[in-house]
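Below is one structure, written out as structure tokens, with a few remarks after it.
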Number of protein chains: 2
Amino acid sequence: MFVIITYDVGEKRVGKVCKKLREYLDWTQNSVFEGEITKGKLKKCLSEVKKITTEEDSIYLYTIENPNHMTKQVIGKDRSFDQLFF
Amino acid sequence: MFVIITYDVGEKRVGKVCKKLREYLDWTQNSVFEGEITKGKLKKCLSEVKKITTEEDSIYLYTIENPNHMTKQVIGKDRSFDQLFF
């Protein structure tokens, strides 16, 4: 399945959350990650993220079971492409 | 159809882009908007956003034709709920 995860967490935890999500998904821009992932891996990912975050933090998870039901379009600069060279 | 729009634009244009997207979609958190919208309105929205942004800015558009094909889950605090009281 395909997921989009966006987060809004306390400044001190931004780096940790970003690093953790990067283990499972592709960084898109700012606080947005996306990618294909299995249910098992997603469960593991979220369980690990929950250990880092507090109740004041927000994690938004959009799940699209079949990636064919979604289209993605980038207008302007595709920053995830830049990332390939870092 | 349901769309998720995330943006990463120059500091000077953040407010303008945010204000424009708010006319058409619901703010979720940080630079993320979502909501149900018709093709016609989305076209108008993007056309107006393009007038504000430059080539250096990034707008990511995820489109899910049938909202039933997507699920949304909020972990932690739902910031879009706070917004209702502003």
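So that the names make sense, note that chain A is the first sequence line, chain B the second, and so on, each numbered from 1. No hydrogens, no waters, no symmetry mates; every other heavy atom, side chains included, goes into these values.
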Are any non-hydrogen side-chain atoms of [X] and [Y] less than 4.5 angstrom apart?
{"X": "Y7(B)", "Y": "F33(B)", "answer": "yes"}
{"X": "T54(A)", "Y": "R13(A)", "answer": "yes"}
{"X": "V49(A)", "Y": "I5(A)", "answer": "no"}

Exercise for the section: Would you please name every residue forming a side-chain contact (heavy atoms from CB on, under 4.5 Å) with T71(A), sequence neighbours left out? Expected result: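 Applying side-chain contact (heavy atoms from CB on, under 4.5 Å) to T71(A) gives T63(B).
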Handout entry: Check: S58(A) side chain, K77(B) main-chain N or O, donor-acceptor pair, under 3.5 Å
Key = yes
Problem - Contact origin within V74(B) toward chain A - heavy atom pairs under 4.5 Å - result: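 Both backbone and side chain.
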Exercise for the section: Only one of K51(A), K44(A), K50(A) passes side chain to side chain donor-acceptor pair (under 3.5 Å) with E48(A); say which it is. Expected result: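 So the option named by the test is K44(A).
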Problem - Residues of residues 14-21 of chain B contacting chain A, heavy-atom criterion under 4.5 Å, by residue number - result: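 Listed by number: none.
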Exercise for the section: Flag the one option from D8(B), V32(B), V9(B) with the top tally of heavy-atom pairs under 4.5 Å to chain A. Expected result: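 Maximum pair count with chain A is reached by D8(B).
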Problem - Mutual orientation of the aromatic rings belonging to F2(B) and Y62(A) [parallel < 30°, tilted 30-60°, perpendicular > 60°] - result: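 Plane angle between 30° and 60°, so tilted.
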Fill in the blank from the handout: Most heavy-atom pairs under 4.5 Å with chain B, out of E65(A), E56(A), M1(A), E55(A), belong to E56(A)
